Amino acid sequence: MGFKTKLVRAGVRPDPETGAILTPIYQTTAFVQESVDEYLAKGYSYSRSGNPTVRVLEEKLTVLEGGYDCSCYSTGMAAIQALIQGCLSAGDHAVISDVAYGGTYRLCTEVYKRFGVEFTFVNTADLQAVKNAIQENTKLIFIETPANPTLKLTDIKAVSDISREKNIPLAVDNTFLTPYYQRPLELGADIVVHSTTKYFDGHNATVGGAIITGNKNIHEAICFIQNASGVIMSPWVAWLTLQGTKTLAVRLDHQSASAKRIAEFLEEHSKISTVIYPGLPTFDQYELASTQAEGFGTMVSFELNGGVKSGRHLMDSVQLCSLAENLGSVETLITHPSTMTHADLDELERKRVGITEGLVRLSVGLEDCSDIIDDLDQALRLV
Ligand SMILES: *Cc1c(COP(=O)(O)O)cnc(C)c1O
């Protein structure tokens with residue numbers, strides 16, 4: 001079955017009671033049991049432990065990533081929390097990409113450090129640095145590629161060779177490319193993490209998360225946390241995410257094509273000093289971007305000649321692009337990572353990983369590309 005067919009059809013069956021083509025929203029807390037020893041339908045008992053609408057999304061995402069199973073969460077951060085709790089205990093250590101979603105960094109350094117878990121943040125694009133960071137007590141390697149917001153790539157296959165040799169699970173945050181463009185489990189990873197808030201939803205309507213696992217043991221350890229701590233996705237969110245997922249491929253193809261055109265426009269513009277887009281031949285990991293994934297994505301980061309002052313001026317001058325923190329939606333969004341998404345990193349840490357004060361991040365939406373370019377052009381005239 002082709003990927004677009006899977007996007008539309010996988011996991012979804014007509015409702016056996018009514019024939020409804022869309023999965024019903026099972027808005028219920030409890031499920032009636034046949035007897036003390038028997039559940040009525042499919043083992044559902046209480047919606048924290050499992051809900052049929054959420055289950056359909058979990059089955060769809062399992063097929064899309066080519067995994068063993070999936071569990072869905074209230075947010076992407078709740079999924080990352082379940083990942084950490086499922087894999088690590090006090091005294092354990094994890095190796096994590098030094099450029100990662102700001103919330104991941106905050107959760108590790110400000111929450112799990114207090115519980116006695118150790119973290120080393122390394123440049124996971126540097127394989128020797130990954131090897132050097134591994135300790136006796138390392139129980140998880142967690143990479144984000146492309147990384148938010150500098151779009152630095154990590155070679156998933158190469159890191160999985162290292163993690164397999166050491167018997168350490170490798171988790172990949174695949175939010176930026178989705179399984180339509182990149183399937184980490186096929187490249188040797190053990191776990192895939194998503195903020196479904198972004199491309200799966202795609203319409204700025206929900207917050208949600210998912211973890212797709214490659215084997216039973218890891219799945220059970222992580223799923224145990226989903227139920228024990230109650231960080232579940234609601235049936236409403238699962239239903240909206242199911243509808244968004246069906247159009248993922250057409251949205252990503254259109255938005256990525258626009259992103260490439262916009263990156264080329266910016267690269268030619270006299271007021272722009274740097275453009276970062278994995279689909280530009282000038283991108284320093286262009287080769288890896290072309291081989292590891294089937295698309296380059298919708299995110300473009302850039303810097304203006306006038307640095308932070310001009311960058312801020314641009315973000316305040318755009319009229320069509322929205323100044324907002326989300327990404328992956330049908331609306332084009334513009335963000336200032338150093339004061340918005342990555343404000344929790346201290347200045348030195350930001351500088352070290354390349355999140356400069358002048359960096360602007362654009363999540364290219366589904367509007368006509370020429371309208372987005374016109375908007376950037378008029379704003380650039382003002383700076
Ligand atoms: C947004 C995001 C997260 C966190 O997801 P939420 O749904 O906002 O909690 C994690 N990783 C990446 C790469 C993200 O972009």
Side-chain angles (χ1 to χ4, degrees), residues 54 57 61 65 70-85 94 96-112 121 124 140 142-154 156 171-179 181-182 184 189 191-212 226 229 231-234 236-238 240-241 244-245 248 252 255 259 278 293 297-301 324-329 331 333-337 340-345 353 355 359 361-365:
V54 180
L57 179 62
L61 298 182
E65 287 285 5
C70 168
S71 45
C72 283
Y73 297 86
S74 49
T75 63
M77 286 319 303
I80 293 172
Q81 184 180 322
L83 168 75
I84 293 174
Q85 291 183 5
I96 303 191
S97 295
D98 61 357
V99 189
Y101 182 68
T104 301
Y105 183 82
R106 177 176 58 195
L107 183 69
C108 296
T109 56
E110 294 186 36
V111 180
Y112 286 105
F121 294 90
T124 49
L140 177 68
F142 183 29
I143 62 178
E144 188 176 308
T145 181
N148 187 359
T150 63
L151 307 178
K152 183 163 72 181
L153 305 183
T154 297
I156 299 172
V172 178
D173 187 329
N174 200 26
T175 299
F176 267 41
L177 287 181
T178 82
Y181 284 156
Q182 174 171 278
I191 304 163
V192 173
V193 178
H194 281 286
S195 167
T196 60
T197 310
K198 313 296 165 51
Y199 296 96
F200 287 108
D201 171 323
H203 295 75
N204 254 321
T206 68
V207 284
I211 297 182
I212 300 94
Q226 182 198 32
S229 59
V231 282
I232 52 150
M233 180 179 274
S234 79
W236 263 102
V237 170
L240 283 163
T241 309
T245 299
L248 180 74
L252 265 178
Q255 292 173 229
T298 78
M299 305 299 293
V300 182
S301 292
E325 280 213 16
N326 194 15
L327 63 93
S329 67
E331 299 89 357
L333 306 177
I334 196 163
T335 307
H336 186 215
M340 293 167 73
T341 53
H342 288 72
D344 276 294
L345 274 72
V353 301
I355 307 171
L359 194 74
R361 189 189 80 182
L362 195 68
S363 169
V364 176

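Note that the structure is a prediction, hence the values are computed from the model and not measured. Just so you know, ligand 1 is whichever comes first in the structure, and atom 1 is the first atom listed for that ligand.
Judged by distance alone, the side chain of S329 and the main-chain N or O of H203 form no donor-acceptor pair under 3.5 Å. S234 places a side-chain N or O within donor-acceptor distance of the main-chain N or O of V237, the cut-off being under 3.5 Å. Between the side chain of S301 and the backbone N or O of P149 there is at least one donor-acceptor pair closer than 3.5 Å.
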Taking a 3.5 Å cut-off between nitrogen or oxygen atoms, can you list every pair linking ligand 1 to the protein, with distances?
unit_1, atom_1, unit_2, atom_2, d
ligand 1, 5 (O), S195, OG, 3.0
ligand 1, 7 (O), G76, N, 2.8
ligand 1, 7 (O), S195, OG, 2.9
ligand 1, 7 (O), T197, OG1, 2.7
ligand 1, 9 (O), G76, N, 3.1
ligand 1, 9 (O), M77, N, 2.8
ligand 1, 11 (N), D173, OD2, 2.7
ligand 1, 15 (O), K198, NZ, 2.7

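Taking CZ from F176 and OG from S195, the interatomic distance works out to 9.5 Å, rounded to the nearest 0.5 Å.
The one candidate from L151, D173, N174, T175 that meets the side-chain contact (heavy atoms from CB on, under 4.5 Å) condition with P146 is L151.
Scored by the ring pair (Phe, Tyr, Trp, His ring centres under 6.0 Å) test, F200 finds H194 as partners (sequence neighbours excluded).
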